[in-house]
Amino acid sequence: MKENAQLHLIRQLHSLLRSGLSLLDAIQLMGLSNIQKSLANGNSLSYSFSKIGFHPFCVNLIQTGEATGDLVDSLSQAAIYLDKQIKLQKKIKKALSYPCIVLGVSVLVLIAMFQWVIPSFESMFANFQAELPWPTRLLIKISHWVQSYFLYFAMAILCLTVSFKLIWKKHSQTQQAVDLLLLKLPIFGQIRKSSLLIQWSRNISLLTARGVPILEALKQTALHSNDWISFKFCAQINVSLAQGWSLSESIGQASEQSLLTHKEQIQLIKVGEASGDLPQMLANIANQEEDHLDHLIDQLAQSIEPCLMLIMGLIIGCLVISLYLPIFEMGQIL
């Protein structure tokens, strides 16, 4: 089930339960026959949601609400979590979509040029009784290579992609290496780190606010992070906490892959521990990092657009000059 559909379902169920309807009546009114059958068979709501593909973190929140008797508030927290996740994903897609579209169109244009446009110019150049300039000769050679080997090249790329996906699924060390590499990329790595920190701090905030112990909150966050950087970060903190260190001290002892590197953020967690308001402090960190992520995305959009336009202009300019250079030289001779 897509996250948008999950959010709509949780919001609707939350509204019905808050209005005073019983859980079974609300599920029946919503027309969720499969959930209704599961509840009638004695299963919990969290178990029923997990069977239809709900986000595991939301399932855990609902399970906590069932255990504490505050299901309505847990549904509200799950709705907030999904809403934030959807908005975060949209921000990341916004940062990556424009460069990907421009690069994709550029590749298609270049393939079309080498496949059809340059061969037509080559047949025209065959009538010239003079040696072609070296840029034109190089362009024609590249066009011949594309026409001869493009299909093999595309098949090789496809095979490599499929092989990488198979290795990715079965080899955890490859996943760890790729996750670490993505984190070290300029700008994109900062965006990824900010998104991971937002997810981590918000997950811990929601779970601890529901009364989940910090060790269990870290465990659930690690299991549902779907990222090795966040998983290792949680594991390192868990080890330090088990040895008697506080959360802020444990974060300070984490390795260079730590998601929390700013002293101000660690200080906020330290204040939250001392005041007993750790969930709110973690939520503040998530909100601050969201503002930072918005700034990074705006910075990326402002910097990458002129760079892409400059690169595309240079490529198109070189192609046009290389194609028309023989015509200019023939005009000078005549």
Side-chain angles (χ1 to χ4, degrees), residues 55-57 60-61 64 77 80-81 84-85 87-89 91-92 172-173 175-296:
H55 196 289
F57 188 79
N60 285 333
L61 282 175
T64 302
Q77 295 295 331
I80 293 172
Y81 172 80
K84 296 289 187 180
Q85 281 289 102
K87 289 180 179 178
L88 178 60
Q89 291 172 6
K91 289 178 182 179
I92 297 174
S172 61
Q173 292 182 347
Q175 298 175 11
Q176 297 178 41
V178 172
D179 286 344
L180 183 59
L181 177 63
L182 292 175
L183 204 64
K184 291 183 177 180
L185 292 176
I187 301 181
F188 290 101
Q190 296 178 21
I191 291 175
R192 179 172 175 79
K193 184 175 182 179
S194 291
S195 65
L196 290 176
L197 176 56
I198 291 169
Q199 292 176 4
W200 181 87
S201 54
R202 181 162 290 123
N203 289 3
I204 301 296
S205 174
L206 288 174
L207 289 172
T208 51
R210 302 300 306 147
V212 178
I214 185 64
L215 289 174
E216 181 63 23
L218 284 167
K219 179 181 177 181
Q220 292 187 22
T221 301
L223 292 175
H224 303 140
S225 63
N226 198 29
D227 187 279
W228 281 103
I229 301 298
S230 182
F231 181 87
K232 287 184 176 181
F233 182 54
C234 292
Q236 291 170 353
I237 296 174
N238 215 331
V239 171
S240 298
L241 287 173
Q243 294 174 352
W245 298 96
S246 66
L247 179 61
S248 56
E249 292 171 334
S250 301
I251 293 172
Q253 294 175 1
S255 68
E256 59 180 7
Q257 298 178 14
S258 173
L259 296 178
L260 281 162
T261 54
H262 297 293
K263 293 181 179 180
E264 296 83 0
Q265 295 172 337
I266 299 177
Q267 186 64 30
L268 279 175
I269 293 176
K270 190 174 183 179
V271 171
E273 290 176 311
S275 63
D277 198 13
L278 181 61
Q280 184 58 46
M281 291 300 174
L282 288 169
N284 292 340
I285 291 174
N287 294 332
Q288 291 175 6
E289 201 62 29
E290 276 188 337
D291 294 336
H292 178 60
L293 181 60
D294 290 337
H295 174 71
L296 286 175

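Below, all heavy atoms of this structure are taken into account, side chains as well, without hydrogens, waters or symmetry copies.
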* Nearest heavy-atom neighbours spanning Ser194 and Leu293 -> CB-CD1, 4.0 Å

* To do: Test side chain to side chain donor-acceptor pair (under 3.5 Å) on Lys84 and Gln199 and set out the steps.
  => CA-CA 9 Å; Lys84 296 289 187 180; Gln199 292 176 4; over 6 Å; no

* Asked: Where the side chain of Glu273 meets the backbone of Leu278, is there a donor-acceptor pair that is under 3.5 Å apart?
  -> no

* Structure fact -> To the nearest 0.5 Å, atom CG of Asn203 lies from atom CG of Asn60 at 10.0 Å

* **Check: Leu282 and Trp200 side chains under 4.5 Å, non-hydrogen atoms** => yes

* To do: Would you confirm whether Ser230, through its side chain, and Asp227, through its main-chain N or O, come within 3.5 Å as a donor-acceptor pair?
  => no

* Asked: Does a donor on one side chain and an acceptor on the other come within less than 3.5 Å for Asn284 and Gln288?
  -> no

* In terms of side-chain heavy atoms, does Ser246 have a donor or acceptor partner in Glu249 at a distance below 3.5 Å? -> yes

* Can you tell me if Asp179 uses its side chain to pair, donor with acceptor, with the backbone of Trp228 under 3.5 Å? -> yes

* Distance in Å, Thr208 OG1 paired with Asp277 CG, rounded so as to fall on 0.5 Å steps -> 9.5 Å

* side chain to side chain contact (heavy atoms under 4.5 Å, CB included) partner of Gln77, the single match among Leu206, Leu207, Thr64 -> Leu206

* Thinking salt bridges, do Lys193 and Glu289 make one under a 4.0 Å N-O criterion? -> no

* Asked: Do the non-hydrogen side-chain atoms of Met281 and Ile269 ever get within less than 4.5 Å of each other?
  -> no

* Main-chain N/O of Pro279 paired to Ser205 side chain as donor or acceptor, under 3.5 Å -> yes

* Asked: Do Lys219 and Ile214 have side-chain heavy atoms sitting under 4.5 Å apart?
  -> no

* Are any side-chain N or O atoms of Asn238 and backbone N or O atoms of Cys234, one a donor and one an acceptor, separated by less than 3.5 Å? -> no

* Asked: How many angstroms lie between CD1 in Ile198 and NZ in Lys87, if you round to the nearest 0.5 Å?
  -> 12.5 Å

* Rounded distance [0.5 Å steps], OG in Ser248 versus CD in Gln253 -> 9.5 Å

* Asked: Say you draw a straight line from CG of Leu215 to CD of Gln220; how long is it, rounded to the nearest 0.5 Å?
  -> 12.0 Å

* Structure fact -> One should read off an interatomic distance between Leu196 CG and Leu183 CG, to the nearest 0.5 angstrom, of 7.0 Å

* Kindly indicate whether the side chain of Gln236, heavy atoms from C-beta on, has any atom under 4.5 Å from the side chain of Ile251. => no

* Asked: Which atom names give the shortest non-hydrogen contact between Ile285 and Gln265, and what distance separates them?
  -> CD1-O, 3.6 Å

* Asked: Are any of the side-chain heavy atoms of Leu180 and Gln176 separated by less than 4.5 Å?
  -> no

* To do: If the plane angle is over 60° it's perpendicular, under 30° parallel, otherwise tilted; pick one for Tyr81 and Phe57.
  => tilted

* Within-4.5 Å side-chain heavy-atom neighbours: Leu88 and Gln85 -> yes

* Does the pair Gln175 and Val178 meet the rule for a side-chain contact (heavy atoms from CB on, under 4.5 Å), with working shown? -> CA-CA 5 Å; Gln175 298 175 11; Val178 172; 6.0 Å; no

* **Heavy-atom donor-acceptor pair, Ser195 side chain to Arg192 backbone, under 3.5 Å** => yes

